[in-house]
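Encoded as structure tokens, the structure appears first; notes follow it.
Only heavy atoms go into these numbers, but all of them, side chains included; no hydrogens, no water, no symmetry mates.
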Amino acid sequence: ATISTAICTRDDIMIYLINQGVESALSFTIMESVRKGKGLKPEWEEAMREKDVPEWYIDSCKKISYMFPKAHAAAYVMMAYRIAYCKINYPLAYYAAYFGIRADAFSYELMCQGKEQLNFYINDYMRRKDSLSKKEQDTLKDMRIVQEMYARGFEFVPIDIYKAKASRFQIVDGKLMPPLSSIEGMGDKAAEAVEAASEQGPYLSRDDFRQRTKVSKTVIDLMNDLGLFGDIPESNQLSLFDF
């Protein structure tokens with residue numbers, strides 16, 4: 001028989017040895033060594049045998065490579081309970097927090113255009129699953145969470161360049177608004193620049209947007225393709241056809 005880390009934590013070793021009569025300081029020393037996978041010194045084994053500690057217990061202590069601290073185990077259980085509670089009772093807040101903190105490759109273009117388009121990309125990734133890059137693997141993982149969100153009846157609201165935050169998801173009218181940084185090619189600094197510039201007032205044109213934010217033309221073209229500029233014209237210049 002061996003001690004299982006699933007049912008025995010490091011404190012259990014110390015308490016057991018103390019109850020067997022092993023001196024408290026030595027019990028603590030043995031516990032620290034065992035939990036780190038360093039085993040037992042010969043003199044410790046003799047001290048344990050003198051107090052009638054079973055051979056199977058001594059042998060187990062020599063084989064253990066890591067023991068999970070009881071406080072950590074309790075903390076993880078409490079954290080899991082809280083996460084589950086929020087996921088059930090505050091789903092949008094849960095997804096906003098998850099995507100903002102844990103999602104490594106969240107993409108507005110791939111994931112926020114409706115579940116049919118999302119499923120199209122998931123199927124494409126699955127066909128190529130043996131050759132996906134690390135980034136694509138992360139993207140697929142995030143798409144699975146988005147797929148779950150859609151299945152629960154929740155949706156995204158299109159990014160509003162005047163309201164969207166640089167990197168924080170927002171709950172807007174019962175839906176999630178992704179951050180500016182979820183736009184492909186939009187780095188954190190650029191997203192922060194857009195958020196700051198948008199607070200200064202409306203953009204006269206996409207040229208005005210580029211001058212005020214310094215966002216690259218490639219990203220601006222993508223934003224235009226995604227419909228994020230609405231009726232904002234391309235240039236400040238007027239044409240006779242505008243009258």
According to a 4.5 Å side-chain heavy-atom criterion applied to Ile, Leu, Val, Met, Phe, Trp and Tyr, with indirect links allowed, do Ile101 and Leu176 form part of one hydrophobic cluster?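 No.
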Nearest heavy-atom approach of Glu55 to Arg49 is OE2-NE, 2.5 Å
As a quick check of understanding, evaluate side-chain hydrogen bond (donor to acceptor under 3.5 Å, both in side chains) for Gln147 and Asn119, giving each step before the final call. CA-CA 8 Å; Gln147 185 181 47; Asn119 289 336; 3.1 Å; yes
Exactly one of Lys141, Lys135, Lys134 clears salt bridge (Lys or Arg N to Asp or Glu O under 4.0 Å) with Asp104, and that residue is Lys141
Main-chain N/O of Ala25 paired with Glu23 side-chain donor or acceptor, under 3.5 Å: yes
Keeping Tyr94 on the side-chain end and Ile88 on the backbone end, is there a donor-acceptor pair under 3.5 Å?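 Absent.
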Linking directly or through intermediates, with side-chain heavy atoms under 4.5 Å: list the remaining ILVMFWY members grouped with Met177, chain and number order.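 Once heavy-atom contacts under 4.5 Å are chained together, Met177 belongs with Val157, Val172.
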Other than Leu228, which residues form its hydrophobic cluster under the rule that side-chain heavy atoms must be closer than 4.5 Å? Tyr108, Ile159, Ile161, Tyr162, Leu180, Ile183, Met186, Val194, Tyr203, Phe209, Val215, Val219, Ile220, Leu222, Met223, Leu226, Phe229, Ile232
Could you measure the distance from the [atom1] atom of [X] to the [atom2] atom of [Y]? Nearest 0.5 Å is fine.
| X | Y | atom1 | atom2 | result |
| --- | --- | --- | --- | --- |
| Arg102 | Asp142 | CZ | CG | 10.5 Å |
| Asp59 | Lys62 | CG | NZ | 6.0 Å |
| Met149 | Phe154 | CE | CZ | 8.0 Å |
| Lys217 | Asn224 | NZ | CG | 9.5 Å |

Should the ring pair Phe156 and Tyr150 be called parallel, tilted or perpendicular, given that the plane angle runs from 0 to 90° and is split at 30 and 60?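 It falls in the perpendicular class, over 60°.
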Taking the inter-plane angle between the rings of Phe106 and Phe169 on a 0 to 90° scale, is it parallel (under 30°), tilted (30 to 60°) or perpendicular (over 60°)?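 Ring orientation, 0 to 90° scale: perpendicular.
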